[in-house]
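Position 1 is the first residue of the sequence, and the numbers go up from there.
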Amino acid sequence: MSVPRRRLRGIAAAALAAGMVLSAAACSASDGDDSSEGGQSTVTLQYFGSPGFDKAVADFQAANPDIKVDAQNMGELKDFTPKLNQWLATGQGAGDVVMLEEGTLLGYLETPDKWANLLDLGAASLEADFLPYKWANGFTSDKSKLVGLGTDIGGLAMCYRTDLFQKAGLPTDRAEVSKLWPTWQEYAATGKRFKQSDAVKDVAFIDTATAIMQPYIMQNSKTWFYDTNNNYIADTNPVVKEAWNFGLQMAADGLTGKLQRWQPDWNAAFANAAFATVPCPAWMTGSIAERAGDAGKGKWDIATIPGGSGNWGGSYLAIPEQSKKKEAAYKLLTYLTGKDGELSSYAEKGNMPSNVKALDDPAFQTSKNEYFSNAPTGEIFGASAKNLQPIYLGPKHQGIWENHFETEMRNAEQGKKTSDEAWAKAVADGKKLADG
């Protein structure tokens, strides 16, 4: 996918301007020289969320006994981003291999001097191994530097609780459930049918109104908060407001749980079976299983997403220029993004590969997820994987979404503001961030 950009202020300056005060040395083992312990070189891997790296890292270390991996889980993306920005700004503290989410990637590509060129380390030969858009989006705008290689992609589906559907008198078979909602309007209508049952009167149909935004926009627009020239268009892109209105109408109809994703109340809602459906990119299956626990095993299943397919999320691995262990870091990076590494992540947490050798492998194509009622996840998520066309996000997408639009939409959903008040605030604050 072509990604034209105009030069923006670098992440380093943005981080300093935000006044973030963080320890440059915290959680890092990469700011010293390339020392070894017992003949081993220690490489620090920093990641967020649940990418399923545990077994892949163990297998890599077994095959490379001269390299020890210090794998550091930095929490959720919102926790990791300000720390990484500060470490890049100060030139110390970042890991040797770091994980970058697609919503933040473009901003990092605007500071190419902060990153090692993977082409210099031998990555040019790997182009055919990745989905074309995933490979292309790892480059700087002039195509001279490859900053990141893709880990996962977020092929879309809809996860649902079969036990709650049964109580509500709805079909539970995944094929029949998929027929309930070919469109988002029919999905909402199904939610109203669900809520008519006294047996589930205290159960929400979907976790939150904000969960509608990403799949709806990903399916119906080629852009979101920015156009492809990096002009801010949140207030003029009609699909953004359509998705906003649709989600809040579901809230007004009593169909949403009014929860905040990635927070304790959201986690508890999975464990307590407090809602029946959640838009479900491939990586979400691992998150659901973690939160719903053993009690939820066999009670979840996976149907098609309203509106067809689409992509939600996905990440990259990159090597900061400040790393003094680039060759060892590159070995780790290419293993984790290679066929075996990505299949391992998929088996561990459900993260859908972007490596085409992994996508073509029977271990993916014929896979089933025991937790989700043996749903054929390889078939469900892989059907359109090679035809995914992700939309253009822009350099500060993730911050605009998480800090402003998601926050304000939740305020409207919870009745703290009117929809118009929340929209105006989100648009104005998002523009300030985009222009800053």
State, to 0.1 Å, how close [X] and [Y] come at their nearest heavy-atom pair, and which atoms those are.
X    : Y    : answer
G314 : W283 : N-NE1, 4.4 Å
N311 : M218 : O-CG, 3.1 Å
P320 : L88  : CB-CD2, 4.4 Å
N230 : P395 : OD1-CD, 3.3 Å

Exercise for the section: Output the distance between atom CD (E348) and atom CG (D54), rounded to the nearest 0.5 Å. Expected result: 4.5 Å

Exercise for the section: Measure the spacing between CD of Q219 and CG of L156 and express it to the nearest 0.5 Å. Expected result: 6.5 Å

Describe, in one word, how the ring planes of [X] and [Y] are oriented to each other, choosing from parallel (under 30°), tilted (30 to 60°) and perpendicular (over 60°).
X    : Y    : value
F80  : F48  : tilted
W300 : F270 : tilted
F205 : Y187 : tilted

Exercise for the section: Kindly confirm or rule out a cation-pi arrangement of K241 over W423, judged by NZ or CZ under 6.0 Å from the six-membered ring centre and within 45° of its axis? Expected result: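 Yes, a cation-pi geometry.
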
Practice task
Please confirm whether K134 makes a cation-pi placement over Y316, using NZ or CZ under 6.0 Å from the six-membered ring centre and within 45° of the ring normal.
Solution key: yes

Looking only at atom types and distance, does a side-chain atom of [X] sit under 3.5 Å from a main-chain N or O of [Y], one as donor and one as acceptor?
X    : Y    : answer
S323 : I319 : no
S178 : T304 : yes
N237 : T223 : yes
K145 : W115 : yes
E421 : T418 : yes
E101 : G103 : yes
N73  : G49  : yes
S221 : I217 : no
N220 : Y216 : yes
T81  : K78  : no

Test of understanding: with salt bridge (Lys or Arg N to Asp or Glu O under 4.0 Å), list the residues that count as partners of [X], not counting sequence neighbours.
X    : value
E413 : none
R410 : none
K349 : E290

Could you tell me whether the side chains of [X] and [Y] share a donor-acceptor contact shorter than 3.5 Å?
X    : Y    : answer
Y346 : S367 : yes
N229 : Y392 : no
Y47  : Q72  : no

Is there a side-chain contact between [X] and [Y] (heavy atoms, below 4.5 Å)?
X    : Y    : result
P376 : N369 : no
I212 : W244 : no
T208 : R261 : yes
W135 : E127 : yes
L146 : N117 : yes

Donor-acceptor pairs under 3.5 Å, side chain of residues 335-343 to any protein atom, not counting sequence neighbours: which ones?
{"from": "T337", "atom 1": "OG1", "to": "L333", "atom 2": "O", "distance (Å)": "2.9"}
{"from": "K339", "atom 1": "NZ", "to": "D361", "atom 2": "OD2", "distance (Å)": "3.0"}
{"from": "E342", "atom 1": "OE1", "to": "S354", "atom 2": "N", "distance (Å)": "2.8"}
{"from": "E342", "atom 1": "OE1", "to": "N355", "atom 2": "N", "distance (Å)": "2.9"}

Problem - Sole candidate of V427, D429, T210 that passes side-chain contact (heavy atoms from CB on, under 4.5 Å) when paired with F405 - result: V427

Handout entry: Short N-O contact, D59 and K55, less than 4.0 angstrom
Key =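 Between K55 and D59 there is a salt bridge, with a charged N closer than 4.0 Å to a carboxylate O.
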
Problem - Carboxylate-amine/guanidinium proximity below 4.0 Å for K297 and E370 - result: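 The answer is yes: the pair qualifies as a salt bridge.
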
Problem - Residues, nucleotides or ligands: over 12 heavy atoms within 6.0 Å of D294 CG - result: no

Problem - Residue K357 excluded, over 12 heavy atoms near NZ under 6.0 Å - result: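 Atom NZ in K357 is not packed in, count stays at 12 or less.
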
Exercise for the section: State which residues pass ring pair (Phe, Tyr, Trp, His ring centres under 6.0 Å) with H397; sequence neighbours excluded, sorted by chain then number. Expected result: W224, F225

Fill in the blank from the handout: By side chain to side chain contact (heavy atoms under 4.5 Å, CB included), S144 pairs with (sequence neighbours left out) T140, D142

